[in-house]
There are 2 protein chains.
Amino acid sequence: MSPEDHLKLENQICFPLYVTSRLLTRAYQPLLAELGITYPQYLVLLVLWEQDGLKVSAISEKLFLNSNTLTPLLKRMEQLNLLTRVRSKEDERQVDITLTEKGKLMQKSAKCIPENLLKTIKLPAEELIQFKATLHKLLTTLEEADKE
Amino acid sequence: MSPEDHLKLENQICFPLYVTSRLLTRAYQPLLAELGITYPQYLVLLVLWEQDGLKVSAISEKLFLNSNTLTPLLKRMEQLNLLTRVRSKEDERQVDITLTEKGKLMQKSAKCIPENLLKTIKLPAEELIQFKATLHKLLTTLEEADKE
DNA sequence: TGTTTTTATATCGTACACGATTTAATCTTA
DNA sequence: TAAGATTAAATCGTGTACGATATAAAAACA
C-alpha cells in the first residue's frame, strides 16, 4: 500500500474502531434509557457491582478515566441516588464510592442487557472469541504505549 | 456463562472496544498535536483528501456524525483556515465544504501518521486483517440496527 | 519538626457526541 | 400555485473526554 492509500478512511484501523465503538454505545442507549443512566454511568455500575466500596482511583484504573472525567460523572450518579461519595477516614485525600440500595437493585434490571446486545451483534461465537482476544491484545499494547 | 458473569467488565464486548478506541485516539494525539488538529478534525481531513468539495451531508454519512456534531467541528476547522463552508447555489439548504491550500498541504505532513500508528499497534499482519474484517462486519451490523 | 515532595481528587477550559428542536429551503400535491 | 410535508443545517442542552492546573492531605526527609 502506498502512503496515500494509508490515508484512505477504510484502510485506517482507528476509524472503524471509533465508529463501531460509538455505534455499539448507541445500541446500548435504548436499554440504558429505561434505567435512566448513560453508558459511562453503566460502566461505573458494572465496576461497582463486581466490587463495591472502591476508591475513585480504583475505578479510574479499571475504566481508564481520570478524575477530571470521573469526579463529575460520580457526582451526577450521586445526584441520581445510585451511589455515595465519602472522604476516606484513613486518608482524607481519597474518596470511597459506595452503591446505594437503588444502585444495587439496578443490577437486576440490567441483567438482560448483555444477552440483548449479543443478539444485536450477530457474530459467530468463534469469531467473537478471536475478536475479543485481539482486542485485548491491542488494548494491552496501547496501555503500555500510553504510560510512556 | 451466567447472567451475573455477563455483567462482569472483562466479559463485555462494548467495554474493551470503548477503551481501545479511546487509547488508540490518544496514540494519535501527539502526532496530530504537531499539526494543530484533533482526531475528529483529522477524520474530516481524511474524508476530504479522498474527495474534496463534499456537502455536509456526505461527510455526515461517511463519519456517522450528524450536523449537531459536524457543524461546530467544521466551523472550528474553518477558523483554522483548513476549509471553507459555502451555501450551495443549486440548493440553498446544503453547504459545500472545500479544502483550502493549507488543508490540502497538510496531507503531506500527515502521510507518516498511519505507518507510525501501525508500529504502535504491533499486531501480526494476518491477525490485523482478520480483526479488521470482523470489525467491519460488526460495524455493518450495528449500522443496520441503528437505522431501525 | 518544619519543609519539600508526592499523591488523590477536584476544577477549569475546550472539544466532541448526541437527542431534541428550530429554521429555512425545496418538494408534493391537492 | 398555495399549503403542507420533507429535507439539510444549525442551534440548544446535557454529558462525557481530556490536557492543564489547583488544592489539600500524606509521605519523605533534611
Side-chain angles (χ1 to χ4, degrees), chain A residues 14-15 18-30 32-45 54-61 63-80 82 85-97 146, chain B residues 14-15 18-30 32-34 36-45 54-61 63-80 82 85-97 142 146:
Chain A
C14 191
F15 173 66
Y18 158 83
V19 172
T20 307
S21 171
R22 282 171 40 225
L23 289 180
L24 196 47
T25 301
R26 274 187 217 173
Y28 274 86
Q29 220 281 316
L32 296 177
E34 285 183 35
L35 305 181
I37 57 176
T38 66
Y39 183 68
Q41 290 169 10
Y42 174 64
L43 292 181
V44 171
L45 289 179
L54 291 173
K55 316 275 186 206
V56 171
S57 54
I59 301 176
S60 172
E61 275 179 36
L63 299 183
F64 298 84
L65 290 170
N66 292 323
S67 66
N68 50 6
T69 301
L70 270 181
T71 299
L73 179 54
L74 293 170
K75 278 187 179 175
R76 280 187 287 271
M77 295 181 76
E78 191 181 33
Q79 291 304 307
L80 293 172
L82 292 170
R85 298 163 60 247
V86 180
R87 287 275 164 195
S88 161
K89 283 288 175 198
E90 314 93 65
D91 187 338
E92 289 270 343
R93 290 172 303 182
Q94 302 182 126
V95 172
D96 291 311
I97 305 297
D146 188 48
Chain B
C14 191
F15 174 66
Y18 158 83
V19 173
T20 306
S21 171
R22 281 171 42 226
L23 289 179
L24 195 47
T25 301
R26 274 188 216 173
Y28 275 86
Q29 219 282 317
L32 297 178
E34 285 183 34
I37 57 175
T38 65
Y39 182 69
Q41 289 169 12
Y42 173 65
L43 293 181
V44 170
L45 288 179
L54 291 174
K55 316 276 186 204
V56 171
S57 54
I59 301 176
S60 171
E61 275 179 37
L63 298 184
F64 297 84
L65 290 170
N66 291 323
S67 65
N68 51 5
T69 300
L70 270 181
T71 299
L73 179 54
L74 293 170
K75 277 187 179 174
R76 281 187 287 270
M77 295 181 75
E78 191 182 32
Q79 291 303 308
L80 292 171
L82 292 170
R85 298 162 59 248
V86 179
R87 285 277 165 193
S88 161
K89 282 290 175 197
E90 314 93 66
D91 187 338
E92 288 270 343
R93 289 172 303 180
Q94 302 183 126
V95 172
D96 291 310
I97 306 298
L142 289 169
D146 188 48

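Letters go in sequence order (proteins before strands), and every chain restarts at 1. The figures here come from the full heavy-atom set of this structure, side chains too, leaving out hydrogens, waters and symmetry mates.
Ring planes of A:Tyr39 and A:Tyr28: tilted class, angle from 30 to 60°.
Distances from the side chain of A:Tyr18 to the nucleotides C:dC12, D:dG15, C:dA17 place C:dA17 closest.
In this structure, CD on A:Glu90 lies 7.0 Å from CG on A:Asp96, to the nearest 0.5 angstrom. Atom CD1 of A:Ile59 and atom CG of A:Leu43 lie 11.5 Å apart (nearest 0.5 Å).
The minimum heavy-atom distance linking B:Gly36 with B:Leu80 is given by the pair O-CD1, 4.1 Å. The two atoms that bring A:Arg85 and A:Ile97 nearest to each other are CG-CD1, 3.6 Å, heavy atoms only.
Here A:Gln41 lies in heavy-atom contact (under 4.0 Å) with sugar-phosphate atoms only.
A:Thr38 has no side-chain polar atom (N or O) that falls below the 4.0 Å cut-off from OP1 or OP2 of D:dT14.
At whole-Å resolution of the value, CZ in B:Arg26 and C1' in D:dA17 are 8 Å apart. In this structure, the CD1 atom of A:Ile97 is 10 Å from the C1' atom of C:dT9, given to the nearest Å. In this structure, the CD atom of B:Gln29 is 12 Å from the C1' atom of C:dA15, given to the nearest Å. Rounded to whole Å, atom C1' of D:dG19 lies 14 Å from atom CZ of B:Arg22. B:Tyr42 has its OH atom 18 Å from the C1' atom of C:dC16, to the nearest Å. If you take CG of B:Leu65 and C1' of C:dG19, they are 14 Å apart, rounded to a whole angstrom. Remark: P of C:dA25 and NZ of B:Lys89 are 13 Å apart, rounded to the nearest angstrom. The separation between A:Leu24 atom CG and C:dC18 atom C1' is 16 Å, rounded to whole Å.
Other residues, nucleotides and ligands contribute over 12 non-hydrogen atoms within 6.0 Å of the CD atom of A:Glu92.
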Before giving the answer on side-chain contact (heavy atoms from CB on, under 4.5 Å), spell out for B:Arg26 and B:Leu23 the whole-Å C-alpha distance, their side-chain angles and the decisive distance to 0.1 Å. CA-CA 5 Å; B:Arg26 274 188 216 173; B:Leu23 289 179; 3.8 Å; yes
The test is side-chain contact (heavy atoms from CB on, under 4.5 Å); show your working for A:Gln41 and A:Leu73 and say whether it passes. CA-CA 7 Å; A:Gln41 290 169 10; A:Leu73 179 54; 3.5 Å; yes
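The C1' atoms of five pairs define one axis at each end of the helix from C:dT1-D:dA30 to C:dA30-D:dT1, and these two axes lie 0° apart (to 10°).
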Check residues 63-72 of chain B and write down every donor-acceptor pair under 3.5 Å in which the side-chain atom is one partner and the other belongs to a residue at least two apart or another chain.
{"from": "B:Thr71", "atom 1": "OG1", "to": "B:Ser67", "atom 2": "O", "distance (Å)": "3.0"}

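Contacts with DNA chain D (heavy atom under 4.0 Å) in residues 72-79 of chain A: A:Leu73, A:Arg76, listed by number.
Comparing A:Asn66 and A:Pro40 by the nucleotide of DNA chain D that holds the closest heavy atom to each, the one mapping nearer the 5' end is A:Pro40. Nucleotides of DNA chain C nearest to B:Thr69 and A:Thr69 differ in position, and the one nearer the 5' end is that of A:Thr69.
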All N/O pairs under 3.5 Å across the protein-nucleotides 2-9 of chain D interface:
{"from": "D:dT7", "atom 1": "O2", "to": "B:Arg93", "atom 2": "NH1", "distance (Å)": "3.1"}
{"from": "D:dA9", "atom 1": "OP1", "to": "B:Val56", "atom 2": "N", "distance (Å)": "3.4"}
{"from": "D:dA9", "atom 1": "OP1", "to": "B:Val95", "atom 2": "N", "distance (Å)": "3.3"}
{"from": "D:dA9", "atom 1": "OP2", "to": "B:Ser57", "atom 2": "N", "distance (Å)": "2.9"}

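One N or O donor and one acceptor, one from the side chain of A:Asn68 and one from the base of D:dG19, sit under 3.5 Å apart.
Checked against side chain to side chain donor-acceptor pair (under 3.5 Å), A:Tyr42 has no partners two or more places apart in sequence or in another chain. Listed by chain and number, the residues in a side chain to side chain donor-acceptor pair (under 3.5 Å) with A:Gln29 amount to none (sequence neighbours excluded).
Looking at A:Arg87, its side chain does come within 3.5 Å of a backbone N or O of A:Arg93 through a donor-acceptor pair.
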